[in-house]
Every structure is written in structure tokens, then in C-alpha cells.
Amino acid sequence: MHEGHRQRLKERFLKDGLDGFQPHEVLELLLFYSIPRRDTNPTGHLLIDRFGSLSNVFSAPFAELVQVDGVSENSATLIKLMPALCRYYQTDLNCKREQLNSSGRAVKYISSQLIGYDTEEVLLLCLDSKRTLIACEHVFSGSVNSAQISVRRIVELCLRHNATGVILAHNHPGGLALPSQEDLVTTGKIENALEVIGVELLDHIIYADGDCVSLADSGFIHSI
């Protein structure tokens with residue numbers, strides 16, 4: 001019975017994609033590949049009940065996932081792979097010399113890079129004179145509450161990629177996309193350091209739970 005159900009669910013996905021799937025059904029289908037001989041529907045329900053939504057399941061810490069009945073280390077690893085795989089896919093798509101010549105374009109790109117992280121991450125987008133993306137460097141990874149940003153490291157990356165302008169970005173996991181006083185001070189230090197080497201800090205974008213705030217658009221630094 002389970003084998004027939006699995007095959008029907010796979011065929012449904014191959015025909016129509018995930019349109020029409022309930023969140024627990026998405027997890028049920030995914031868990032086919034880590035739980036080969038058991039009904040994964042109850043596990044899908046348990047995950048949604050525990051974390052509240054599909055996105056919350058994918059963002060949940062590994063240690064909490066394995067506490068759910070039926071979720072092994074293999075299954076938790078597969079679940080954690082999904083947002084990382086999405087980021088990798090988006091990065092590969094965006095490698096085609098994407099132009100980030102507006103805050104809207106920059107926000108869209110950065111949102112795809114920071115989705116799913118439960119720790120604070122810092123990105124540096126290096127651009128040429130036409131605002132074309134040269135490189136997206138994952139600069140730092142910190143705790144949920146803070147990330148240490150080295151101005152020297154950022155200057156070194158700018159010089160390495162021969163960037164004429166950069167966009168800084170970081171996330172506030174579990175918080176709001178609003179700049180803290182520390183964010184503003186750090187932005188000022190980086191802007192001053194980059195000015196010395198002839199590189200513009202074009203924007204500093206803060207991402208949180210699908211929302212983004214551009215410090216350039218907010219008037220803290222000049223807009224791109």
C-alpha cells in the first residue's frame with residue numbers, strides 16, 4: 001500500500017510540481033529518500049505541528065529536528081540540505097553577470113542568498129563600474145546575536161576582486177530587518193575604510209524573515 005502511495009505522489013509531483021501539495025505532503029515526499037520502508041505521512045504532520053510551517057521546518061536546528069519522532073540523523077540532514085541547496089541553485093543561476101544597479105535588484109539577490117540561515121551571516125557583493133556582480137563572498141558566520149565584521153578582511157576582498165563598488169549584507173535571524181546602532185557604526189567604519197582605497201560602499205542591506213531594509217534607501221548611506 002505504501003509503495004503504491006509513494007509512486008502516486010511521485011507521479012503527481014512530476015506532472016504538476018508542488019502546486020497543490022500541502023506542507024506535510026512536501027515533507028512526506030522528501031522523506032521518501034531517507035525513510036525507505038515506512039509511511040512518512042505521520043512524520044510530515046509531526047514536523048509541521050512541531051515547527052508551525054514548512055519554512056520553519058527547513059530553518060529548524062538539526063538538534064531539534066532529530067527530537068521529532070521518526071526523524072533520524074539522515075532525515076534531519078536531508079531537511080537541512082534543502083535551504084542550502086536552494087541558495088546554491090540561486091547562486092549558480094545568478095553567476096551570469098547579474099547587474100545590481102538598483103536597491104531592488106540587490107535586495108532580490110541578497111534574499112536568495114540569506115534564506116534559511118539560523119545564525120548571523122555577512123555577505124560582501126563586489127561590483128564593477130557598471131554595477132555588475134563580480135563575486136559574492138560569504139565573509140563571516142556568527143552566533144544568532146552577533147557577527148564580527150573585520151574591516152581589513154573586507155578591504156582585502158575588494159582589492160582581490162578589483163571591485164569599484166560593494167554592497168554589504170547581513171541577516172537578523174529571528175529578528176527584524178532594522179539596523180541596530182552597532183550596524184550603523186560598523187557601516188560607517190567600512191565606508192570610511194573603503195573610501196581610502198577608492199571603493200564605494202553602495203549599500204548595506206539587512207535581511208530578516210523574508211524582509212529587507214536598504215540603508216541606502218533609508219538615507220544612512222547614499223543610494224545606488
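- Residues passing the side-chain contact (heavy atoms from CB on, under 4.5 Å) test with A84 are R87, sequence neighbours excluded.
- Under the side-chain contact (heavy atoms from CB on, under 4.5 Å) rule, H172 has a single partner from D211, D209, L114, D183, which is D183.
- Every residue meeting the side-chain contact (heavy atoms from CB on, under 4.5 Å) condition with V66, not counting sequence neighbours, appears here in chain and number order: F62, E73, A76.
- A donor-acceptor distance shorter than 3.5 angstrom exists from the side chain of T186 to the backbone of E182, with no hydrogens or angles considered.
- For D49, the CG atom sits in a packed shell: over 12 heavy atoms of surrounding residues, nucleotides or ligands are nearer than 6.0 Å.
- Residues passing the side-chain contact (heavy atoms from CB on, under 4.5 Å) test with L78 are L30, Y33, S34, L81, M82, sequence neighbours excluded.
- No donor-acceptor pair closer than 3.5 Å links the side chain of S218 to the backbone N or O of F220.
- Judged as a salt bridge (charged side-chain N to carboxylate O under 4.0 Å, His left out), and not counting sequence neighbours, R153 has no contacts.
- Ring geometry for H45 versus H24: interplanar angle under 30°, hence parallel rather than tilted (30 to 60°).
- By the ring-ring contact (aromatic ring centres under 6.0 Å, His included) test, F51 is found to be paired with no residue, residues two or more places apart in sequence or in another chain being considered.
- Residue-environment remark: CD (E195) stays at or below the threshold of 12 foreign heavy atoms within 6.0 Å.
- A side-chain contact (heavy atoms from CB on, under 4.5 Å) with C212 is found for exactly one of I206, I205, D217, namely I205.
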Tell me, with the steps shown, if V57 and I48 meet side-chain contact (heavy atoms from CB on, under 4.5 Å). CA-CA 7 Å; V57 172; I48 296 298; 4.1 Å; yes

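- With hydrogens and angles disregarded, a donor-acceptor distance shorter than 3.5 Å links the side chain of K80 to the backbone of A60.
- No donor-acceptor pair under 3.5 Å is formed between the side chain of E120 and the backbone N or O of H170.
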Determine, step by step, whether E28 and F21 satisfy the side-chain contact (heavy atoms from CB on, under 4.5 Å) criterion, reporting the C-alpha distance in whole Å, the side-chain angles of both residues, the deciding distance to 0.1 Å, and the verdict. CA-CA 10 Å; E28 179 185 3; F21 273 65; over 6 Å; no

L127 vs E200, test: side-chain contact (heavy atoms from CB on, under 4.5 Å). Steps then yes/no. CA-CA 10 Å; L127 311 177; E200 286 187 89; over 6 Å; no

Test side-chain contact (heavy atoms from CB on, under 4.5 Å) on L125 and Q113 and set out the steps. CA-CA 11 Å; L125 279 58; Q113 300 303 304; over 6 Å; no

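- Surrounding CD1 of I190 are more than 12 heavy atoms belonging to other residues, nucleotides or ligands, all under 6.0 Å away.
- For the pair T164 (side chain) and D128 (backbone), a donor-acceptor distance under 3.5 Å is present.
- The minimum heavy-atom distance between A177 and V213, with the atom names listed, is O-CG2, 2.5 Å.
- R50 places no side-chain N or O within 3.5 Å of a backbone atom of Q67 that could act as its donor or acceptor partner.
- Applying the salt bridge (charged side-chain N to carboxylate O under 4.0 Å, His left out) rule to E156 yields the partners R152; only residues at least two apart in sequence or on another chain are considered.
- Proximity of a side-chain donor or acceptor of S102 to a complementary backbone N or O of R105 within less than 3.5 Å is detected.
- Of the possible donor and acceptor atoms, one in the side chain of N171 sits under 3.5 Å from a partner among the backbone N and O of E121.
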